[in-house]
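Note that this is a predicted model, so its numbers are computed, not measured. All ligand and atom numbering here is 1-based and tracks the order in the structure.
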Amino acid sequence: MAKKWVYLFTEGNANMRELLGGKGANLAEMSNIGLPVPQGFTITTEACTQYYEDGRKINDEIMAQAMEGVRTMEEINGKKFGDLNNPLLVSVRSGARASMPGMMDTILNLGLNDEVVAAMIAGNPDPKFERFVYDSYRRFIQMFSDVVMEVGKKYFEQLIDKMKAEKGVQYDIELDASDLKKLAEQFKAEYKKQLGKDFPSDPVEQLKLAIEAVFRSWDNPRANVYRRDNDIPYSWGTAVNVMPMVFGNLNDESGTGVAFTRDPATGEKKLMGEFLKNAQGEDVVAGVRTPMPIAQMEQEFPEAYEQFINVCNILENHYHDMQDMEFTVENRKLYMLQCRNGKRTAQAALKIACDLVDEGHKTEAEAVAMIDPRNLDTLLHPQFDPGILKRSVPVGKGLGASPGAACGKIVFSADDAETWHARGEKVVLVRLETSPEDITGMKASQGILTVRGGMTSHAAVVARGMGTCCVSGCGDIQMDEAAKKFTLGGVEFHEGDYISIDGTTGNIYDRRIPTVDATIAGEFGRVMAWADKFRTMKVRTNADTPADAKKARELGAEGIGLCRTEHMFFEEDRIAAFREMICADNKEDREAALDKILPYQQNDFEKLYEALEGCPVTIRFLDPPLHEFVPTEEEDIKRLSIAQDKTMEEIRQIIASLHEFNPMMGHRGCRLSVTFPEIAKMQTKAVIRAAINVKKKHPDWNIEPEIMIPLIGDVKELKYVKQFVVDTADAEIEAAGSDMKYQVGTMIEIPRAALTADQIATEADFFCFGTNDLTQMTYGFSRDDAGKFLNDYYNAKIFENDPFAKLDQSGVGKLMEFSISLGKPVNPKLHFGICGEHGGDPSSVEFCNKIGLDYVSCSPFRVPIARLAAAQAAIAQAKEQG
Ligand code: PEP
Ligand code: MG
């Protein structure tokens, strides 16, 4: 039997989202549970994949099944495509497995042409109906031209603006039937002018082109960026939903709305949403007019409102999660057009998860599993300094559309936001409204402020998804985009002026308000406590300073997985001694310089041990090439020449001698200790002395130093360096009369180390995967320069993600798995961790859990993300194992 590419809504269900996409699966599910859904069909995500496999062509079999779907849809609805008595008009909408709001294409009112329009009007003498028909027609021509034929929508907007100016009106709604008729004609003429052919009048041809456009939109630049940011694989494809139109723009007895069963910004259990009378869905999202709050619908459309409240309850009880719904009222009758688990802020996600547990909808494990770990990041984002905030008076207020605080210089276009950001400026993007092509500029901004649009406008939805602060719908702003200025509350703001916006309250301030970090408390703490109950993998942190270590502890770190000791050498009071060490001519002079550094380093380590209160601390010995430490400024070179009793020329020669063609593959890591064992010896003394001192103060703490040797490629390197470390440590311990235990382990960050892990395991107490270098050396990409060409790799579909941010599981990951399988049988006590950047990336954390790491280590602010991701991995694993 031929493959099934097309499913009627009555043939699907909620579990088929991989095949039908989220929208298709939920439309099917709503149909199954008896909710009022206009009956249409879904073309599967597999058809999209096939479209790309076939060289961006819809093959005959898929099209034939789609046409069969049209025939059945015509029968079910008693209307026909192109029929002059009873024409069928449809919407054609994208819908991937994971929701990608606003990223792909939608075409509404498809099926209209001159004859259908004339026949519809002839069949209904009401002048309001005539207006509606022309309104739908002009919308369709514009949308089809823009989305399907890629004629820029600006040409059409210019024509609308011209018409409004001629008529002296502000809103589209004030244009009458004859204006809209004229607009439709002008639009068709514009289409012909732009494309050199007539607007297609055959509804079947319109449909074919629209389906193709939706498939094509899977690969548009904004969808590609969104997928990369949200870990959505390109291979998934989008489904296409073809559905009979219901008309919110039919008359004043009609309208369209978007609503959430709980507040997507705060999580509060109350219906939240917006409704726009006499309008179509896109008007709400595009922020063309500011809609009314959903509660007001109760007065104007009481029966539809009551029915809608009932639907909300049914859907929440069915999906056991907060729902985001699109609906239309046509002649006072309610139709459901979409439902999905609503996107929400991190704050709302935590509150909703806790409430759903308390209300008996979810178990604790289910609650933990439903929170996107990447989202937590936003909670740890800065808030305004409360003291200064108290003394600041807002100049205006919009809707608090995406929480957090933002402060920056005003820019008026997404392009400017990108350019200013690239040169290191913090910017707030101020726009009349945003549109999907603004996404990169929005990402580059600290915050977004819009004049139009509500909580569900494009700006609000996208900003919430990105965790960027957003204030939307500040209608008091008098905007002059052309002159790059606006006024609000009597203040004139220009490009480059400072502005501060509060995405929670919606307040806008005409000044710079400093921000402060947030902390874990309340629902955040409750969810994290559940996460800790389920996870089996530990979470440590990468921290080099007591302040970072303290912050990480507050955020739940259970140890330090990587202390990069070199960062300590850069501080003002020790860089001079370190440079003396580099410039020394012989071992004695080097040791003399190192002796100056020893007390500083020991003091640093003591503070770290204090901050960690007995949790494990892994100290990694000096790693970077020495040229990173030498002076570049004339003044500093002079100072060093005096201290070293050398000429400036001699110093310059030493500096030049450190030059390497490939410094990242050069004289660094354990190679430095091979050449200068005295460095490793000094660091060992500092670690052991610090540990002994702190242990004396806190006898109940378990202090067992973990010394980590970087960049090992051969077991003989490790053996050689370890000998100095062990001899020094043992002598220190003996001299102190202590019985302290310590470990010496290594980073696995060179492919050869992974390939010979069985040999290395004989000398190591632990392996910690340095996946930054391991990725660099496995791919042969410079970790510092790859960013310059990765975009070309994304565009060419070679990569979907940056391998330095998201672990390459099939290559680098395989080396990790291999190391464990080689190392463990040789040394069963060996423990395993990761301290590359990937230790804080959720999908990489899941992989680390799968291959059996004991811990991940990440930067302090990613600790909660890693805790949650580790819990989710454990929950999923337990589920898989039954
Ligand atoms: C690594 O290479 O992954 C690592 C953690 O070390 P660094 O980033 O300091 O090279
Ligand atoms: Mg490294």
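- Proximity of R783 to ligand 1 is established by a heavy-atom distance of less than 4.0 Å.
- Between F629 and F578, the ring planes are tilted. Angles from 30° to 60° get that label.
- Counting heavy atoms under 4.0 Å from ligand 1, residue D623 touches it through the side chain alone.
- One finds the OH atom of Y720 at 11.5 Å from the SG atom of C670 (value rounded to the nearest 0.5 Å).
- With a 6.0 Å cutoff to the six-membered ring centre and a 45° limit on the axis angle, R590 does not count as a cation-pi contact of F676.
- Restricting D773 to its N/O/S atoms, the shortest distance to the Mg ion (ligand 2) is reached by OD2.
- For the pair M747 and ligand 1, a heavy-atom separation below 4.0 Å is found.
- Under 4.0 Å from ligand 1, not a single heavy atom of Q776 appears.
- For L562, every heavy-atom contact with ligand 1 shorter than 4.0 Å involves the side chain, none the backbone.
- Taking the ring axis of Y855 as reference, the NZ or CZ atom of R540 stays within 45° of it and closer than 6.0 Å to the ring centre.
- In the model, Q723 has a side-chain atom that pairs as donor or acceptor with a side-chain atom of D727 under 3.5 Å.
- What sits closest to atom 6 (O) of ligand 1 on the protein, heavy atoms only, is R620 NH1, 3.2 Å.
- Using a 30° and 60° split on the angle between ring planes, F769 and F832 fall in the parallel class, below 30°.
- Distances below 4.0 Å separate heavy atoms of T771 from the following atoms of ligand 1: 3 (O).
- Taking the N/O/S atoms of E749 in turn, the shortest distance to the Mg ion (ligand 2) belongs to OE1.
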